[in-house]
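For ligands, and for the atoms within them, numbers begin at 1 and follow the listed sequence. All values below were derived from every heavy atom in this structure, side-chain atoms included, with hydrogens, water molecules and symmetry-related copies excluded.
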Amino acid sequence: QQITEEVVAFSVPSYACQRRTTLENHNMVLTDALSLLAENAELSEEDGRGVAFRRAAAVLKCLPEPVRSMAQLRGLPCLGDHSLRVIKEILETGASSEVESMRESERYKALKVLTGIFGVGAKTADRWIREGIQDLQQLRDSEQTLNRAQQAGLEHYHDLNQLVTKAEADAISEIMERTVISVLPGAQMTLIGGFRRGKQTGHDIDFLITHPEEGREEGLMSKVVSCLEAQGFLLYQKTTRNSYLESSSGPGRPSSNMDRFERCFSIFKLAKEDKRGETLMEDGAKTLNGDPGSHSPSSGQSQASGDRKRASEDGAKDKPSKHKRWRAVRVDLVVSPISQFAFALLGWTGSKLFERELRRWAGHERSMSLSSHALFDSKQGRYLRATSEEEIFAHLGLEFIPPSERNA
Ligand code: GTP
Ligand code: MN
Ligand code: MN
């Protein structure tokens, strides 16, 4: 009697926005490997390759069980030759030689460390590496000029490379909520980004702010930032103002993925709690050398020259201090008018790949153009309104996928 092992191939729709991807990943070994290849491609400014690996990883993330054989992958979308080769080697030997040697390579390690500095992207890191800078100490010893973001990034390097916990996100949410309501009663604040998708940790915390009356949100960002600053919560902030209506292309052209809301990239000073659960903000602010203003010689200086300084001027400030009773946390704020709220909410909840796939679906499958501001239907030549995420999915002809299942 012949026993044939039945191979049940997985079946998966090709766009990530057609799939439900929870945080439960049965193929972590495979997806970590592909994500590393994606990351390396992105760090090398090969974005096309990066997306290809991200798509391949996303397909494996939504499978209901661990992959055991290559046969199960037959017919799956988005798995290119390169990804399949990596998967095969891992299934056969437990690891991918390409991924392992990349992980150990000097270039990858240097790119990782340098882009780990807030404000440093792949281009800058690459330039520094070509100039012989491989790590933080070499950067400090160099004569490189750093902008204000990079100075803050270097100063708070250690803290900003620790994952933010859900508890910290909740603590900052509370502070934010209080602040937002105090500067504009009736304003509404929503947690977005990874924490809205149910992640337990993240690299930052993202908030979307609006007001139920159109127009009332104008000027809100600067008030919120001033109020946070007055309370001593901000170690760094850079606000970029809304340019959606004033841009030359106007609201009629949501073709660019660039977001044009008023937004703020910040570094928050979060007090750690003592054993009795009391926050130590006051204490910490007074006694620590990380106190904003107490050590920054360039802080009252004007514009260009004050914004830049030598890397060597930042001592070894990222070292964790035993007595430090606060920590630096990256926080992103976005303000949207209520008329665009649903689009902003959908656009800023992520994951990044899910967003990219939504826009690709809209364009390729529906001749529509989706941004974080609006949805334009090219066939009808008009904008489609929506007051909820559900309506946007419906306009796009997609089944609604809740935030917790957008972890592609
Ligand atoms: P962690 O922070 O690592 O937990 O992941 P995250 O998913 O929260 O990522 P991140 O904070 O980088 O971004 C949150 C969401 O905002 C993602 O969906 C991004 O696509 C989106 N996002 C980030 N920057 C921009 C931008 O400049 N424009 C728009 N429209 N969206 C952005
Ligand atoms: Mn985030
Ligand atoms: Mn963010």
Side-chain angles (χ1 to χ4, degrees), residues 16-17 21-23 25 32 35 38-39 42 47 50-51 54 57-58 61 112 115-116 118-119 121-122 149 153 159-170 172-173 176 189-209 221 236-244 247 251 253-268 328-337 340-360 362 369-375 389 392 401-408:
C17 54
T21 312
T22 64
L23 289 165
N25 178 354
D32 280 353
S35 299
E39 185 191 23
E42 287 156 4
D47 288 345
V51 174
R54 296 262 173 232
K61 275 183 200 170
K112 198 71 184 143
T115 58
F118 170 65
D159 280 1
L160 298 185
N161 281 280
Q162 305 287 307
L163 285 177
V164 182
T165 64
K166 183 74 176 91
E168 289 169 327
D170 290 342
I172 291 182
S173 293
M176 280 301 307
M189 194 199 74
T190 311
L191 188 63
I192 48 176
F195 286 110
R196 181 164 184 249
R197 302 197 306 276
K199 281 177 64 181
Q200 289 304 301
T201 58
H203 93 282
D204 69 357
I205 313 172
D206 310 279
F207 296 103
L208 176 60
I209 305 166
M221 184 69 90
Y236 167 90
Q237 64 87 11
K238 184 177 170 69
T239 306
T240 53
R241 64 204 188 94
N242 184 347
S243 63
Y244 186 59
S247 84
R253 289 277 165 276
S255 52
S256 155
N257 297 333
M258 277 298 292
D259 192 84
R260 286 166 290 184
F261 287 117
E262 211 179 357
R263 52 193 283 194
C264 175
F265 301 102
S266 78
I267 301 178
F268 220 87
V329 177
R330 276 270 299 111
V331 173
D332 285 340
L333 309 177
V334 186
V335 170
S336 105
Q340 299 174 16
F341 179 77
F343 297 98
L345 184 62
L346 179 59
W348 287 84
T349 294
S351 66
K352 286 198 182 74
L353 185 78
F354 192 90
E355 303 293 342
R356 177 182 269 280
E357 294 278 278
L358 269 177
R359 293 192 299 263
R360 190 165 68 97
S369 169
L370 175 68
S371 75
S372 300
H373 298 277
L375 177 62
E389 290 184 323
I392 303 173
I401 311 282
S404 62
E405 295 176 339
R406 295 179 202 160
N407 286 291

Quiz item: More than 12 foreign heavy atoms under 6.0 Å from NZ of K112: is that the case here?
Solution: no

Exercise. Could you tell me whether the side chains of R196 and T349 share a donor-acceptor contact shorter than 3.5 Å?
Key: yes

Quiz item: Among R406, Q200, H203, R359, which one has a heavy atom closest to atom 3 (O) of ligand 1?
Solution: H203

Quiz item: Counting heavy atoms only, which of W348, F354, F343 comes nearest to atom 24 (N) of ligand 1?
Solution: W348

Proximal heteroatom of [X] relative to the Mn ion (ligand 3) (N/O/S):
X: D206; answer: OD1
X: D332; answer: OD2
X: D204; answer: OD2

Answer yes or no: does an N/O atom from [X] fall short of 3.5 Å to an N/O atom of ligand 1?
X: G193; value: no
X: T349; value: no
X: D332; value: no
X: G202; value: no

Self-check item: S35 versus A57, closest heavy-atom pair with distance
Solution: OG-CB, 4.1 Å

Quiz prompt | Taking every non-hydrogen atom, the tightest pair across T239 and M221 | solution = CG2-CG, 3.6 Å

Can you list the ligand 1 atoms lying under 4.0 Å from a non-hydrogen atom of [X]?
X: K352; answer: 9 (O), 10 (P), 12 (O), 19 (C), 20 (O)
X: R197; answer: 7 (O)
X: G194; answer: 6 (P), 7 (O), 8 (O)
X: K199; answer: 1 (P), 3 (O), 4 (O), 5 (O)
X: D206; answer: 8 (O), 11 (O)
X: E355; answer: 18 (O), 20 (O)

Quiz item: Does R330 come within less than 4.0 Å of ligand 1, judged by its heavy atoms?
Solution: no

Quiz item: Does R263 reach ligand 1, in the sense of a heavy atom lying below 4.0 Å from it?
Solution: yes

Quiz item: Which bit of D204 is near ligand 1, meaning a heavy atom under 4.0 Å away: side chain, backbone, both or neither?
Solution: both

Examine distances only and state if a side-chain atom of [X] and a backbone atom of [Y] form a donor-acceptor pair shorter than 3.5 Å.
X: N407; Y: R197; answer: yes
X: D332; Y: D206; answer: no
X: S266; Y: F268; answer: no
X: R406; Y: I401; answer: yes
X: E262; Y: V335; answer: no

Practice problem: Give the ring-plane orientation class for Y236 versus F118, where under 30° counts as parallel, over 60° as perpendicular and anything between as tilted. | Solution: perpendicular

Self-check item: Basic-acidic side-chain contact under 4.0 Å: R360, E357
Solution: yes

